[in-house]
Amino acid sequence: MTRNWLSRRAFLGVAAAAPLASALAQDKNIPVGLELYSVRDELKKDLMGTVRAVAKMGYQCVEFFSPYYQWTTDYAKQVRKLLDDLGIRCLSTHNGMESFSAGGLAHAIELNQTIGSQFIVLASAGKVDGLDGWKRIAESLDRGAEKMKPAGLGAGYHNHQAEFRPVEGRRPIEVLAANTGKDVMLQLDVGTCIEVGSDPVAWIEQNPGRIRSMHCKDWSADQGYKVLVGEGVAPWKKLFEAAEKTGGIEFYLVEQEGSRFPELETAERCLASFRKLHG
């Protein structure tokens with residue numbers, strides 16, 4: 001995969017023509033990034049240094065997770081400068097429900113605009129009661145998407161295991177997909193989908209254009225999520241094909257919950273494996 005787009009000149013050229021992620025998707029030069037939860041301990045000790053290390057590995061984008069919401073605007077500007085200097089992007093952030101609340105959405109929008117993000121993703125719905133509860137989550141996503149759109153941002157939802165476990169005879173993820181507009185991204189977490197016995201390839205094919213981001217997390221029955229990308233049972237070749245032909249993928253994100261290696265080494269090994277698998 002080429003990294004020509006990382007240069008400032010290339011970035012400015014793409015930005016003038018269209019949003020970066022969409023342009024890359026059209027060119028099939030789809031960037032791979034890191035969900036920074038993968039290096040959460042390092043990030044907590046030294047955020048700027050950790051982002052530098054991740055960029056040096058060759059990751060092309062990052063995804064900040066929920067603690068970013070506590071940043072001030074000034075700190076967000078410092079992070080944006082770092083990203084620009086390194087030639088990488090933050091294309092999405094992971095958020096709690098506060099980012100979709102009436103009192104918290106404006107702050108989330110401001111921070112995401114500042115760091116150049118394109119999607120505010122709800123990382124978890126928390127405890128939800130019944131399918132009616134999931135329908136209310138869908139309503140929150142749609143309301144958020146409506147208010148984010150004028151700011152040039154999109155809303156998204158990230159699944160865990162619960163969304164693929166049937167409730168009252170139906171999988172909650174199906175309720176979310178059916179009750180949100182097609183502009184709400186369905187960010188697929190591969191590993192959690194597989195763990196509960198669902199087929200991630202089939203899910204992508206059932207939701208054309210909505211899987212604009214995918215968490216590349218593997219899983220195995222004996223080691224769970226401790227396996228590196230490519231060491232588990234995920235059908236990566238089929239997943240990439242479905243994501244790029246049907247899902248509307250704009251960027252991939254490696255996510256690792258832990259492994260037999262230190263965090264930064266884990267991230268580097270996963271990137272090497274991703275590149276080998278993806279080609």
Side-chain angles (χ1 to χ4, degrees), residues 35 37 63 65-70 92-109 111-112 117-151 153-215 217 219 224-225 242-243 246-249 253 255 257:
E35 160 52 63
Y37 183 78
E63 182 175 70
F65 62 106
S66 54
Y68 93 93
Y69 186 79
Q70 305 303 321
S92 57
T93 58
H94 263 202
N95 298 261
M97 283 301 300
E98 68 269 20
S99 293
F100 286 79
S101 68
L105 180 58
H107 183 58
I109 288 175
L111 290 179
N112 279 266
S117 173
Q118 294 184 4
F119 294 98
I120 298 176
V121 181
L122 181 57
S124 172
K127 188 180 185 315
V128 180
D129 294 323
L131 291 185
D132 285 343
W134 286 106
K135 289 177 182 177
R136 287 191 289 272
I137 297 297
E139 291 171 0
S140 295
L141 289 167
D142 264 351
R143 282 196 303 270
E146 183 179 353
K147 293 180 179 179
M148 293 171 196
K149 192 172 182 179
L153 293 161
Y157 188 85
H158 175 85
N159 69 271
H160 288 89
Q161 296 92 333
E163 291 81 359
F164 281 95
R165 289 192 180 110
V167 174
E168 300 170 24
R170 195 174 184 194
R171 295 184 302 179
I173 194 69
E174 295 170 344
V175 174
L176 292 176
N179 290 276
T180 52
K182 293 190 181 300
D183 58 334
V184 174
M185 173 176 70
L186 301 174
Q187 186 185 66
L188 174 62
D189 184 306
V190 172
T192 54
C193 175
I194 290 174
E195 185 193 4
V196 294
S198 286
D199 181 349
V201 175
W203 178 247
I204 293 171
E205 292 173 345
Q206 291 161 15
N207 293 276
R210 297 195 68 179
I211 316 297
R212 297 193 281 278
S213 173
M214 189 165 82
H215 272 211
K217 180 198 297 179
W219 181 83
Y225 300 116
T246 306
I249 196 78
L253 292 163
E255 183 186 18
E257 294 191 11

Parallel, tilted or perpendicular: rings of H107 and Y69 (30°, 60°): perpendicular
ring-ring contact (aromatic ring centres under 6.0 Å, His included) partners of residues 121-146, not counting sequence neighbours, each pair once: none
Summary of ring-ring contact (aromatic ring centres under 6.0 Å, His included) pairs that have at least one residue in residues 174-202, sequence neighbours excluded: none
Within-4.5 Å side-chain heavy-atom neighbours: N179 and E139: no
Any side-chain heavy-atom pair of V128 and P172 under 4.5 Å: no
To the nearest 0.5 Å, what is the distance between [atom1] ([X]) and [atom2] ([Y])?
{"X": "C193", "Y": "M214", "atom1": "SG", "atom2": "CE", "value": "10.5 Å"}
{"X": "R171", "Y": "L131", "atom1": "CZ", "atom2": "CG", "value": "12.5 Å"}
{"X": "T246", "Y": "I211", "atom1": "OG1", "atom2": "CD1", "value": "10.0 Å"}
{"X": "Y68", "Y": "N112", "atom1": "OH", "atom2": "CG", "value": "4.0 Å"}
{"X": "N207", "Y": "L186", "atom1": "CG", "atom2": "CG", "value": "5.5 Å"}
{"X": "F65", "Y": "T93", "atom1": "CZ", "atom2": "OG1", "value": "12.0 Å"}

Test log, rule side-chain contact (heavy atoms from CB on, under 4.5 Å), inputs H94 and H215: CA-CA 12 Å; H94 263 202; H215 272 211; 3.5 Å; yes
From E163, R210, Q187, residue fulfilling side-chain hydrogen bond (donor to acceptor under 3.5 Å, both in side chains) relative to Y157: E163
Identified side-chain hydrogen bond (donor to acceptor under 3.5 Å, both in side chains) partner of S92 from the options Q118, E63, R212, H158: E63
Write down the atom of [X], the atom of [Y], and the distance for their closest heavy-atom approach.
{"X": "G130", "Y": "E168", "answer": "CA-OE2, 3.3 Å"}
{"X": "L141", "Y": "A155", "answer": "O-CB, 4.0 Å"}
{"X": "A177", "Y": "W203", "answer": "CB-CH2, 4.0 Å"}
{"X": "G96", "Y": "S66", "answer": "N-CB, 4.5 Å"}
{"X": "S213", "Y": "L253", "answer": "OG-CD1, 3.7 Å"}
{"X": "D142", "Y": "V184", "answer": "OD1-CG2, 3.7 Å"}

Between D189 and H160: side-chain donor-acceptor atoms closer than 3.5 Å: no
Qualifying residues under side chain to side chain contact (heavy atoms under 4.5 Å, CB included), relative to Q161, sequence neighbours excluded: R165, T192, E195, V196, Y225
Donor-acceptor under 3.5 Å (N95 side chain, L122 main chain): no
More than 12 heavy atoms from other groups under 6.0 Å of CD on E98: yes
